[in-house]
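Basis for what follows: all heavy atoms, side chains included, without hydrogens, waters or symmetry-related copies.
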Amino acid sequence: MDAWVRFSAQSQARERLCRAAQYACSLLGHALQRHGASPELQKQIRQLEGHLSLGRKLLRLGNSADALESAKRAVHLSDVVLRFCITVSHLNRALYFACDNVLWAGKSGLAPRVDQEKWAQRSFRYYLFSLIMNLSRDAYEIRLLMEQESSACSRRLKSSAGGVPGAIETGGPGGPGTPGGGLPQLALKLRLRVLLLARVLRGHPPLLLDVVRNACDLFIPLDKLGLWRCGPGIVGLCGLVSSILSILTLICPWLRLKP
């Protein structure tokens with residue numbers, strides 16, 4: 001109960017709950033349409049989705065300042081690649097939230113002359129750039145962890161081989177010098193890389209959750225910008241999954257990827 005009280009007291013948590021409900025409505029509306037539900041019910045679901053979207057925009061007022069502060073902190077990271085990816089991601093998030101605030105003003109009637117379509121396209125472009133930077137950061141961290149794990153495995157193999165020269169590099173049938181052994185060896189290397197990737201992600205749950213969440217979120221701006229039409233069902237499902245993962249990282253802070 002204490003964990004839920006702390007969670008519900010956060011404005012970010014309330015926004016994530018609204019986001020999950022919004023994409024759940026999108027998914028439900030798509031399912032109702034496919035199964036021939038009444039037009040009145042479909043209209044009510046769409047209206048609920050619109051109200052939740054407007055409520056989320058209200059809860060995100062001021063998030064641009066938070067994103068800028070996060071970008072200022074990321075500038076001081078020692079790793080050049082992480083510094084670039086995280087800083088650019090936060091700057092794009094700040095611009096995305098700024099566009100979102102303009103959209104809220106237009107939809108709420110405070111600025112009726114706002115071109116909502118134009119500002120929506122701008123916000124989704126900044127959102128897409130931010131997600132690309134997040135996924136680039138995830139790929140970089142995965143590469144570093146895979147190199148560390150590979151080095152550790154090599155040291156363990158050398159120690160278990162008892163220091164026998166060539167014990168690791170011995171080529172049996174299908175080795176580099178064997179005719180016709182190139183393709184099997186390539187398949188073996190690929191399989192080992194996939195197993196190494198799975199081991200790294202299994203051993204680092206925050207990184208795994210961040211990869212899945214960013215990958216799910218990526219479908220949303222791609223669909224809205226017309227770069228890859230996924231349909232409301234896929235968008236609703238991906239948005240719902242990423243929202244649940246975001247809520248999970250708020251409930252369990254140790255699952256949040258740092259820095």
Side-chain angles (χ1 to χ4, degrees), residues 12-13 15-20 22-24 26-27 53 56 60 63-64 66-68 70-71 73-74 77 79-100 120-146 194 196-259:
Q12 189 179 9
E15 192 271 334
R16 293 300 176 188
L17 287 173
C18 284
R19 187 178 192 267
Q22 176 191 341
Y23 284 110
S26 176
L27 184 60
S53 176
R56 282 183 59 214
R60 287 204 296 255
N63 279 13
S64 292
D66 294 336
L68 288 175
S70 299
R73 290 193 297 269
L77 293 173
D79 191 294
V80 177
V81 177
L82 287 180
R83 182 167 67 237
F84 174 78
C85 291
I86 297 175
T87 302
V88 174
S89 172
H90 284 310
L91 290 176
N92 276 283
R93 284 180 65 246
L95 293 170
Y96 162 66
F97 287 133
C99 294
D100 204 58
Q121 291 292 305
R122 286 178 179 173
S123 68
F124 282 118
R125 278 198 294 269
Y126 291 128
Y127 186 32
L128 178 61
F129 293 151
S130 176
L131 290 173
I132 290 173
M133 287 295 102
N134 289 341
L135 287 169
S136 300
R137 176 257 183 102
D138 292 337
Y140 175 71
E141 296 212 18
I142 288 172
R143 186 178 70 85
L144 291 181
L145 291 170
M146 288 179 68
V194 171
L196 182 61
L197 174 62
R199 183 171 182 175
V200 165
L201 292 177
R202 187 172 63 246
H204 299 82
L207 182 56
L208 174 60
L209 260 64
D210 199 67
V211 170
V212 175
R213 187 182 63 179
N214 288 323
C216 288
D217 281 337
L218 192 64
F219 288 96
I220 299 172
L222 288 177
D223 181 79
K224 299 299 183 181
L225 293 171
L227 299 176
W228 187 9
R229 292 296 183 183
C230 310
I234 298 296
V235 170
L237 178 61
C238 290
L240 180 59
V241 170
S242 66
S243 300
I244 292 173
L245 293 179
S246 297
I247 292 171
L248 187 61
T249 59
L250 290 175
I251 296 175
C252 305
W254 65 273
L255 289 173
R256 189 179 304 169
L257 186 62
K258 299 179 179 64

> Which value, rounded to the nearest 0.5 Å, describes the distance between I251 atom CD1 and R256 atom CZ?
Replying inline: 11.5 Å
> Would L145 and I142 satisfy side chain to side chain contact (heavy atoms under 4.5 Å, CB included), going step by step from the backbone distance to the final call?
Replying inline: CA-CA 5 Å; L145 291 170; I142 288 172; 5.8 Å; no
>> Contact between F97 and D66 at the side-chain level, heavy atoms closer than 4.5 Å - yes or no?
In response: no
> Out of L222, I220, D217, which residue meets the side chain to side chain contact (heavy atoms under 4.5 Å, CB included) rule with L128?
Replying inline: L222
>> Walk me through whether R137 and E141 qualify under salt bridge (Lys or Arg N to Asp or Glu O under 4.0 Å).
In response: CA-CA 6 Å; R137 176 257 183 102; E141 296 212 18; 2.8 Å; yes
>> Test side chain to side chain contact (heavy atoms under 4.5 Å, CB included) on F129 and V88; report intermediate values, then the result.
In response: CA-CA 9 Å; F129 293 151; V88 174; over 6 Å; no
>> Does any part of the side chain of R213, heavy atoms only, come nearer than 4.5 Å to the side chain of T249, both counted from C-beta?
In response: yes
> How are the rings of F219 and W228 set to each other: parallel, tilted or perpendicular (split at 30° and 60°)?
Replying inline: tilted
> For the residue pair G231 and D223, what are the closest heavy atoms and their distance?
Replying inline: N-OD1, 3.3 Å
> Would you say the side chains of D100 and S123 form a donor-acceptor pair under 3.5 Å?
Replying inline: no
> Does any non-hydrogen side-chain atom of R125 lie less than 4.5 Å from one of L225?
Replying inline: yes
> Is the closest side-chain heavy-atom distance between I244 and L248 below 4.5 Å?
Replying inline: no
>> With a 4.5 Å cut-off on side-chain heavy atoms, are Y23 and S243 touching?
In response: yes
>> Is it true that R93 and S130 share a donor-acceptor pair across their side chains at a distance under 3.5 Å?
In response: no
> Are a donor atom and an acceptor atom from the side chains of S53 and R56 found within less than 3.5 Å of each other?
Replying inline: no
> Just wondering, do L91 and L68 contact through their side chains at under 4.5 Å, heavy atoms?
Replying inline: yes
